[in-house]
Every structure is written in structure tokens, then in C-alpha cells.
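For the numbers below, each heavy atom of this structure counts, side chains included, while hydrogens, waters and symmetry mates do not.
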Amino acid sequence: MILLDLFLTGLVVSVACAVPGLWLMLRGMSMLSDALTHSVLLGIVLTFLIVSDIDSPFMIVGAVASGVGTALFVERLQRQNISADAAIGLVFAGMFSLAIILITVYAGDTHLDLDAVLLGEIIFSPFDRIVLGGVDIGPRAMIMNGVALFLSVTFMVVFWKELVFTTFDATSATLVGFAPTVLTTGLVILSSFTVVTAFDAVGAILVVAFMTTAPASAYLLTYRLRRMVMLTVLLAVSASIIGIWVAMLLDVSVSGTMAAVAGLQFVIIWLFAPTRGVIARLIERRGLRTEVLLLAQLMHIVSHKRTHQQFVVDGQLVRELQARGWIDEAQQLTSIGVRTLQQAGMLTTTAE
Amino acid sequence: MIDSVLLVIIIASVIIGALSGSLGVIMVLRKRSLLGDAISHATLPGVAIAYLFFGKDPLFLIAGATCAGVVGVALVVLITNTTRLRVDVVMGMMLAVFFGVGMVLLTYIQKLPTTGQAGLQAFIFGQAAAVVWQDVYVISALGLPIMCVVGIAWPIIHAFCFDHAWLHARGLSSFVVDLGVMFCVSVVIAMGLPIVGALLMSALLIAPAIAARPWSTRMSQMMIIAGGIGAVCGVVGALISSAYARIPTGPTIVFLSVVIALLSHVIAMRFRSARIRSAL
Amino acid sequence: MTMALSVRDLTVAYNDRPVLWDVDADIPVGCMAAIVGPNGAGKSTFIKAALELTTRLTGEVKFFGQSLAQVRTRVAYVPQRAAIDWDFPITVEEVALMGSYGQRGWLRRPQHDDRKRVAEALEIVGLAPFYKRPISQLSGGQQQRTFLARALVQQADLWVLDEPFQGVDAETERALVTVLHQLKNSGKTIIAVHHDLQTLPHYFDYLYAINARRIAEGYIKDLSVNEVVQQAFAPVGMSA
């Protein structure tokens, strides 16, 4: 039962992060997911210092507020001639360092634990359960991330048309009355919410792994948006299941292993993806090169046969040409060869 | 008044602040601010692996961190060049995945019977109190050559930031120069880890540089200003945290530098609008 | 005569540096207008400011005598090629369908007759066989025609195009011009930022020359194009 809870929690966290992460990636806002995970901590700490109850719903309000604050602050700085990446780096470092200072200063008096908040340990999540009216509904992390996932998916389904339009062509969308900022704000709120809920389980930094890796892998696999969403979810699921399993086998950090597996998945896809993977393209390029060389050799043979000159031939290419039936034993152009050359546009009149 | 422990921390902070501040100018000018973040997170598995093989020698830990950082950068560059992915996605991914691998290794080390993970956690959050003279020697011994390299290769670095045609005209591959510069940056980041930690080290790289930006248009001046700001933040941060027992050194240094960067831009704006008004 | 686009005293600044100074414009309905000026003259800024896509310091803009809010869906915009992420995972059909979104408004899904209009529009621009294809797998000209189809689906009265002929092959350019001329003949108004001064008098019948200020505007047959262009391309400050 506990094992099942653990797997389910990991799965839900992973998918809940991946869905808003995909949209942040498509909107060119991936840097923001990095910033959010750091800056949201300040909101959590500040709220905690006020309400001093780590399970209070205000924690989420505080975290979301600081997330939105980060986005606004970054935008404000950009108008100050600071480039986007520098602005983001500056803002989250400031908020994050302040948060750590506060945590260490007040650490003795509170239950805020730096390691837990930043590094998270999903392994304990099945033991922290939500009990309503005496009924055990499930692990807190799973329920909370389930809510985050539900909200993200609902947002995506309801605003699909608007999301696609404003992401693809913000200018035209604005013009006909779909303000991109509305959806951006929605996404930032959702992402902040997701980050807070995922925090507990996997820690701040690894949230970034779940928000970027599955979407980036899916992006390499397809040019169709719906398929991309599906693949993102699938890859997030597989990374979490394999990750948890491996981590239990080796008895090492579960969230760390989930991130590592997600990374491994990406590398495999990056290298071996059909048609767009690094290796597929290398093969294609070599294939193209061979085709061109063959045609050139064929042309060479034809033109020199015409002028009855001595010519140099590449034995290997000639054998390949003969194997394909483009020339015969006597290196005479065959009718297939003629057709090939005509198709390649290298021969206009019928030869011989 | 100033005891030996504090003196060590101050000296180390000043060197790290000055080094990272001045090198950070390159990152900011090349719009690479977040790459520093990726490098500093990526160092973690390097630290863990170095620890596994060579124990707690600071030189090996720094070497391991540097190698991992360079591998991280190389992967970021390689992946962005061979896919349609934007560089920010790739950086976010590399940063987090390397960090995850680091976590896995750290938890593995923790379980080894021979050792506790003994202070490796300090590389994540930084622990200035644990810095000893040996660290200062290593930092100085590595920092000095880096500054010399920057000084000697100055025209190349300047061209790397502003004028790639100059590099090509002299037969220098900008990729190789890039690798060299990123190597230096990785070394500085690795050196800063024990004090500032992997999570915040990149901020110490860029904040002083952003602070220096409005006050000069010349790169050399910017590097001197940024190095100065970094050093000052190092001293003040170390002093503050020693005065108040619970305030951690690394985050304080970073927070100071961010505040200075923001203030610097606010003041610069005031100056500029005052000048525009007087011109009218 | 009603004006498709009339602009009064438009001033736009980026970071306290004015890009457009007190610009006026009166582009009549039913013309095909070229916006011409040197690089950095503010051509794109002029269009974007008129369409409220950048903040303007001063100025009043009317479309068909009304404010933009009232005529939003009657204005179609084709962005610069560089402004679009051509790797975005989206198909030709989905892009064209966006033309109907403005009229549908928030949350309503496109209907059957929207899809019918998409099919017709793709037929017109010659992309019918490619309707399921991702835009990343199209040629530059086909990509541009996809956007044209989107504007067709929108059934707009005013078409604003930012450098529509940039980076397309000669054949596509001819096809685009043909479609645009057909539109003009059916009473639509077309405003395009244009670079090629040689094709200018063949493609367009109205000229709007700009260089931080309005240099000149009017029907090409009434203007001495060479003189206007020379004036527009003179260094700023000398012409004023």
C-alpha cells in the first residue's frame, strides 16, 4: 500500500510539473520556471513566519503571490535595460538568498528545514496523510499535486484555443482581443501553485527538472501539439516510475533519481529520435553525400564516354553503380541509369 | 578584534567576490547570466565523484566541480546546436538533471560505511565557517593564474564579447575561446562553492556585473568596478554574519550584491533623468 | 471619403527616445498602400502603434472612423516573418483557423462553418493539399501564404502586412500580389510595409513615406515617387 502510494505520488508530481512546464517552454518562459522554484521559497518562508503553520492554506497563497511578484518584478527590470536572463538571475537570487537567511535565522524556532524544502524527500510522503472526518483520503503530497494537476489540465483544456493563439502569435492575438498577459498570468499562478505543492515532495531544484525535461524531450519527437502534450505526460510518467524503482533498488535519493532518469530519457531521445535525432541526421547526411557522389560518378562516366577520353573512376562507387543497375559490366549507361539522371535533372536529352 | 577564523572567511570571501564579480562581466555582456546558474548546479556531481575517489582534498573537489561544470556547459552548447530547443530550456534542464544526479551520488556517499558525507552538504548551501587556511591557499593559488590569464588574453576576451570577426581574422576559433572562458568561470564557481554554495554561487557572478553596468561603457572598467563590488560584498557579508551568530555568510553576501545591483540601477536612472532635465 | 486608417499627432518613444514625431496619416478605403522609409524610420512602429500593439505617447487613431476596439475583428494583421517561431508545433489548418477566433471570442470553439472557410481560404492560396502539415515543414513562401489564408478566414476589411515579401521566392511574391489585388478589387484596404522600391509602383496604388515624421502620402499617380522617396531616405533632421 505504501509502495503504491509512493509510486502514485511520484507520478502525479511529475505530470503536474510537466504540463505547465510544456506551456512555459512553448512560450519561451522556461527561465521563469527556474526563477519561480527559487523565489517561491521566500513567499513560503514569509507566510510561515506570520501564520507559523506549515499546513496552512495561506502558505500556498503566499507562495503564489511571491511567484506572481517575481514575474512582475522581472518584467519591470527588463524595462530598465537589463536583459531578461540577467533580470531573472538577479531577482531570484535576491529572493532566494533572503529566504535562506530567514530560514537559518529562525531555524531553531520553527519546523522549516532547509534540506527538506530545497531537496525534498518523496520517500516520506506516504506517511504524511490527509485525514478528513476520520477517513484517510491519501498522502498529502499526492492529493495536493493531484489538485495542481487537475487545475493545470482544466486550464489547458478550457483555454486551449487562447493558449495556442497567444503562444504562437501574440501580436495578432492581442489585436483581435486575446490579451496574452491574461494567459501568462494564469500560467504563472498555476506554475507557482504547482511548484509549491511539488516542493514538499521533490524539493525546489528538482521541480525544474520535472518542468523542463519531459516537455523538452517531447518537443524533439513531434511537430504536432496534441501529440506533444501526450508525449510529455507519457515521458513524465515513465521517468517517475523508472526513477522510483531504480532509487529503491539502489537506496538513493528518489527525487534525484527521477530527475536523472528524466535526463537520461532526454539524452536517448536526443541521440536516437527517428529523423530528428543526432544519429538519424548523421546517417541521413552521409546517405545524401553518397547519393550525390554516385550521381556525380555516373555523370562523369556519361560525359567521358561521349568524348572518348581517359577518365579516373572510383572502384567502390562503380561497383555500387553496377549493383544498382545504373551501369552495366562494360560501364555503359543502362536505361535505369538514364532515368535516374533525368529525374535528378542532370540529363535533359536521352543519352546515347 | 578580528580573530583568525574570521580573517580566513574575510580573505576567502574577498577573493571569491572579486574574482567572480570581474569574470561575471563576461557572462552578463554575452547574455549568459543563467549559464552561470547552470554551471554552479552542474558542479554537484563533480564534487561527489571527486569525493568518492580522492576524499576531502579541496584541490580535488574543486577540480571535480570544474570538470562537471565544463561538461554541463559543453552539453548545453551541444544540445542547443543540434536541436530546435531554445537555450533557456536546455539550461534549465541541464541544471536540474545534473543537480539530481548530484543528489543521487550524495545520498549514495552518505550510506558508505567508511565515511559520513561529512560536509559535502556545505557545497549545496555553502558553509563559510568551515573554511580553513588551506582553502585560502588553494583559492589564491588558482585565482592568481586566472587573473593573469584574463590579463594576458585580454584582447581575445574583449573580442570574444564584442567582435567575433576579430577572432576569426586571427584564426582563433570562437568555440575554443568560449571553452577557455567557461573553464575559467567554472573554476571560479567551483572555488566559491564552499562559501556560497551551488544554489547561489551564480548570483555572485552576475549581480556585481549588473551593478557595474550603468557606470561604465568600457569592459575593463566594468570588470574593475564589478570586482570591487564583489570584494566589498564579501567583506561586509562576512562581517555581518560574524556579528550576528545565526546569519549565514554566503546568502548574506549574495543578498548584499543583489541589493547593490538594484540600487545601482535606481541611482543610475535618477542620474540619467536629471541629466536629461538639465539638458532641456 | 471615409478613411480606412486615419492617424492624428501620433508620437511614440522607446526609452525616452522618440521614434515617431507627431505623425498624421489618412489612408483611404479601397487602396493598396505601401509604407516606405529607410531602416529605422519607424515603419513597423507606426503600424504597431496604430494597432495599439505598442504604447503611444500621444495621438489618436481611427479605423473606418471608429476606434480600434469597435472594429477589432475587421482588421487582419500579418506579422513579420522574423516575429514568428516557425518551429512551433502547429499545422497549416490550425493557423488558418485562428482567423476565426476573433469573431468567436473567448472560450467558444470554432464551428463547422469556420472550418469550411478555412478550407476555402487554403484553396485560394493553393495550400489545400498541405492542410495537415506542420508549418515547420513548409517553404518560406508557403508559410507566408498560410498567414494570408488566416487573414482570409478572418474576412477582414483592412489588411495590415509587415514586410509580406521578405524572404519569399519570386513565384510566391507573384501569388501574394495576385491575392492582394483581388482583395483590393473587392473593396478591401491593404496596408503593407514595403522595401523594394522597384516593384512599388507595380504592386501598390498608394504611397505613405515615413521617416520619423510623415514625409508624404497620396495616390502614386498623383505623386512624384522618386522625389518623395529621395526625401524620405535623406538623413533625419535635414528633411525637417
Side-chain angles (χ1 to χ4, degrees), chain A residues 25 28-31 33-34 38 77 80-83 85-86 88-94 96-101 104-108 114-115 118-119 203 205-213 215-216 219-220 247 250-253 255-260 262-264 266 270 276 278 281, chain B residues 28 31-37 41 79 82-86 88-108 111 121 124-125 199-200 202-207 209-210 213-214 244 246-248 250-255 257-259 261-262 265-266 269:
Chain A
M25 179 187 80
M29 291 164 63
S30 283
M31 287 194 274
S33 67
D34 189 13
H38 289 79
L77 278 185
Q80 207 105 60
N81 270 340
I82 302 181
S83 66
D85 59 336
I88 286 180
L90 204 58
V91 170
F92 85 67
F96 190 61
S97 54
L98 186 59
I100 295 190
I101 293 174
T104 34
V105 167
Y106 291 98
L114 200 56
D115 287 15
L118 284 173
L119 311 174
I205 316 299
L206 295 177
V207 171
V208 181
F210 299 122
M211 288 184 95
T212 49
T213 315
Y219 190 81
L220 295 186
L250 303 176
D251 190 19
V252 286
S253 160
S255 44
T257 317
M258 281 161 72
L264 198 65
F266 175 84
W270 170 51
R276 276 191 301 280
V278 170
R281 277 191 310 178
Chain B
V28 170
K31 299 217 185 308
R32 287 248 178 105
S33 302
L34 289 175
L35 195 63
D37 200 30
H41 284 72
I79 293 175
T82 52
T83 63
R84 304 167 286 138
L85 289 165
R86 293 160 57 118
D88 57 332
V89 184
V90 181
M91 280 194 301
M93 194 166 63
M94 278 303 131
L95 160 170
V97 169
F98 268 71
F99 194 79
V101 174
M103 288 300 302
V104 171
L105 290 172
L106 280 191
T107 43
Y108 173 72
K111 288 198 294 85
Q121 208 83 347
I124 302 179
F125 301 113
L199 299 179
L200 281 171
S202 67
L204 198 57
L205 208 59
I206 62 165
I210 295 173
R213 186 104 207 242
Y244 303 93
R246 276 176 155 182
I247 292 184
T252 310
I253 298 175
V254 169
F255 187 65
S257 62
V258 171
V259 170
L262 294 176
H265 274 264
V266 171
M269 280 295 276

What is the distance from atom CG of A/L90 to atom CD1 of B/I210, rounded to the nearest 0.5 Å?
-> 4.5 Å
Can you tell which part of B/R86 gets under 4.5 Å to a heavy atom of chain A, answering side chain, backbone, both or neither?
-> side chain
Pick from A/A247, A/A260, A/A86 with the largest number of heavy-atom pairs that fall under 4.5 Å of chain B = A/A86
Can any side-chain N or O of A/R281 pair as donor or acceptor with the backbone N or O of B/T82 at less than 3.5 Å?
-> yes
Answer with side chain, backbone, both or neither: which region of A/V208 has an atom nearer than 4.5 Å to a non-hydrogen atom of chain B?
-> both
Among A/T213, A/D34, A/I101, A/V278, the residue with the most heavy-atom pairs under 4.5 Å to chain B is A/I101
Measure A/D85 against the heavy atoms of chain B and call it side chain, backbone, both or neither at under 4.5 Å.
-> both
Partner residues of A/F92 under the ring-ring contact (aromatic ring centres under 6.0 Å, His included) criterion, sequence neighbours left out | A/H38
Please state whether the side chain, the backbone, both or neither of B/S202 comes within less than 4.5 Å of a heavy atom of chain A.
-> neither
Residue set satisfying salt bridge (charged side-chain N to carboxylate O under 4.0 Å, His left out) with B/R32, at least two apart, ordered chain then number -> B/D178
Of the listed B/L200, B/V28, B/T252, the one with the largest count of heavy-atom pairs under 4.5 Å with chain A is B/L200
Whatever's closer than 4.5 Å to a heavy atom in chain B on A/L264 counts as neither
Could you look at A/F266 and say if it's the side chain, the backbone, both or neither that has a heavy atom under 4.5 Å from chain B?
-> side chain
Top contributor to chain A interface from B/V101, B/I247, B/D37 [non-hydrogen pairs under 4.5 Å] | B/D37
Contacting moiety of B/L205, where chain A heavy atoms sit under 4.5 Å = neither
Side chain, backbone, both or neither: which part of B/I206 has a non-hydrogen atom closer than 4.5 Å to chain A?
-> side chain
